[in-house]
Amino acid sequence: MAKYKIITDSCSDLDAEMRKKYDVDYYPMGLVIDGRDTIADLDWKEFTIEEFYQLLKDHHKVKTSLISVETVTKVSEKYLKEGYDILYLGCSTALTASINSYNLAKEELLEKYPGRRMESASTFLASCGLAMLIEDVCKARDAGASLDEAIKVVEDRRFFYNQFCTVDTLTYLKENGRIKAGKAFFGNLMGVKPIFISDRKGNNLVVTKAKGTKGSLDTIFNMIKDAIDLSKDDRVWITHALCPERVEILKKRFEEELGTKNITICKMGPIIGTTCGPATIAAFCYGKEVTRYEGDGQD
């Protein structure tokens, strides 16, 4: 059975320690900061995470860009040369068209390495939802799953990762085309904290609102409590855009009231952070099937 490398992208929010733990690599996406191109580095080599979020707070113009064909080629080729096949597990295609760059690079690379395979699987996930799926696929790989069996894991599990997120303002999501303008208006009313999910297609969908920060954290906790299936999977992942005090509130409640110690905390990377903005916090679990989607008339 051919060996294969799992490669994700900047939307996974997996830092260097986690990527080493799971033996995965990533294709860096791009950032354009005040007109200057740079990479969306999950390891914060060019600037610190604090400096990055201060740029957003100070209203610098920060935009995200797709993975380039050159980046896919550079990262992929080092593994193809070593005899690896590749499985790309990236951000939801509802949020980025980076899969197009992957496919263009794939076409050229497989001509050069005709004995190899480059596959991808639609995850419909981002941030820690994507990270949780990657963790599960890596466990299957390490247990001996073939490349095709790993893809089957994605297809069987991708609709059961639940995301519940709140932001201080929906302005960032609106400016990056990730949410409807009308939703952004109501979400920015004084004291109102929107709660949104990642729907079945990977879109950001506002499903309810809460009053104030405490109310939003209460809502996220209750939604996780309702969605998680502790008999099958007691993991809870939390990601945040530099609001550690809110993380501690949620973490304590998950430990004391939900009864799980299997909690992973991540700092929100530059792509998701640009999209959602400072002080965003989200919690993720595996449990109930996600059935909502933006076009179902319920939003």
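Since this is a predicted model, take the numbers as computed values, not measurements. We count residues from 1, following the sequence as given. Any value given below was found using the heavy atoms of this structure, including those in side chains, with hydrogens, waters and symmetry copies removed.
- Heavy atoms only, all atoms of each residue included: C91 and T123 are closest at C-OG1, 4.2 Å.
- Residues meeting the ring-ring contact (aromatic ring centres under 6.0 Å, His included) test with F254, sequence neighbours left out: F221.
- In the displayed structure, E155 atom CD is contacted under 6.0 Å by more than 12 heavy atoms of other residues, nucleotides or ligands.
- Ion pairing between K152 and D156 holds under the 4.0 Å rule for side-chain N and carboxylate O.
- One finds no salt bridge joining K78 and E82 here, because no Lys/Arg side-chain nitrogen approaches an Asp/Glu carboxylate oxygen to under 4.0 Å.
- Residues R235 and D233 are paired through a salt bridge, judged by an N-O separation under 4.0 Å between the basic side chain and the carboxylate.
- The environment of CD in E17 is sparse: at most 12 heavy-atom neighbours from other residues, nucleotides or ligands sit within 6.0 Å.
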Quiz item: Hey, mind stepping through D58 and Q54 against side chain to side chain donor-acceptor pair (under 3.5 Å) and telling me if it holds?
Solution: CA-CA 6 Å; D58 292 342; Q54 192 60 51; 3.0 Å; yes
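- Of the charged side-chain nitrogens involved, none lies within less than 4.0 Å of a carboxylate oxygen, so that K267 and D13 do not count as a salt-bridged pair.
- Between K21 and D15, none of the side-chain N atoms (NZ, or NE/NH1/NH2) sits under 4.0 Å from a carboxylate O, so this pair counts as no salt bridge.
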Self-check item: Residue pair Y88, Y102: steps toward the ring-ring contact (aromatic ring centres under 6.0 Å, His included) verdict
Solution: CA-CA 8 Å; Y88 171 42; Y102 178 79; 4.9 Å; yes
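- Under the 4.0 Å criterion applied to side-chain N and carboxylate O atoms, K252 and E257 are not assigned as salt-bridge partners.
- Under the 4.5 angstrom side-chain criterion for Ile, Leu, Val, Met, Phe, Trp and Tyr, the cluster partners of V69 are L104.
- Between D37 and K63 there is no salt bridge, since none of the side-chain N atoms of the basic residue sits less than 4.0 Å from a carboxylate O of the acidic one.
- Neither side chain, E119 nor Y4, offers a donor N or O lying under 3.5 Å from an acceptor on the other.
- A side-chain donor-acceptor contact under 3.5 Å links S231 and D229.
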Quiz item: Stepwise, does the side chain to side chain donor-acceptor pair (under 3.5 Å) test hold for Y26 with D41?
Solution: CA-CA 10 Å; Y26 83 111; D41 181 13; 3.1 Å; yes
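- Taking each heavy atom of Q163 and S198 in turn, the nearest pair found is NE2-N, 3.3 Å.
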Self-check item: Y161/F284 under ring-ring contact (aromatic ring centres under 6.0 Å, His included): CA gap, chis, key distance, verdict
Solution: CA-CA 7 Å; Y161 299 91; F284 303 77; 9.6 Å; no
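- Tested against D85 for a salt bridge (Lys or Arg N to Asp or Glu O under 4.0 Å), the candidates R141, R116, R117 yield a single pass: R116.
- No hydrogens or angles considered: a donor-acceptor pair under 3.5 Å links the side chains of S68 and T71.
- Shortest non-hydrogen contact noted between V192 and K209 is CG1-CD, 3.6 Å.
- For the pair D218 and K214, the salt-bridge criterion is met [side-chain N within less than 4.0 Å of a carboxylate O].
- Between C243 and T280, the shortest heavy-atom contact is SG-O, 3.5 Å.
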